[in-house]
Amino acid sequence: MPVRVRPRARSGLLTRFLRYAIATGRAERDISADLRGALVPVVSRNHAAITDPAGIGALLRAIDTYDGQPITASA
């Protein structure tokens with residue numbers, strides 16, 4: 001299974017750390033070059049949202065009257 005990372009992490013963060021490590025003598029080479037092409041981008045999905053004020057009020061009332069597990073209610 002391919003390794004999944006955030007796009008920002010792939011965009012050079014590791015390379016910057018390794019450049020610093022090489023400059024300070026802590027590393028011999030940039031191993032992130034070996035990972036290029038091996039990391040797949042994470043596919044983001046949109047989630048449902050309540051956009052009308054009446055719907056938000058109904059959601060808040062439903063949360064307030066929830067009778068389920070206490071740990072769920074506290075979340």
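Positions are given from 1, in the same order as the sequence printed here.
- Residues Ile50, Ile56, Leu59, Ile63 make up the rest of the hydrophobic cluster containing Leu60, defined by ILVMFWY side-chain heavy atoms closer than 4.5 Å, directly or through other members.
- The environment of Phe17 atom CZ is sparse: at most 12 non-hydrogen atoms of other residues, nucleotides or ligands sit within 6.0 angstrom.
- Residue Ile22 places its CD1 atom among more than 12 non-hydrogen atoms of other residues, nucleotides or ligands, all under 6.0 Å distant.
- Applying the salt bridge (charged side-chain N to carboxylate O under 4.0 Å, His left out) test to pairs two or more places apart or on separate chains, those with a residue in residues 20-31 are Arg29-Asp34.
- Side-chain atoms of Thr24 come within 3.5 Å of backbone atoms of Tyr20 as a donor-acceptor pair (strictly under, hydrogens ignored).
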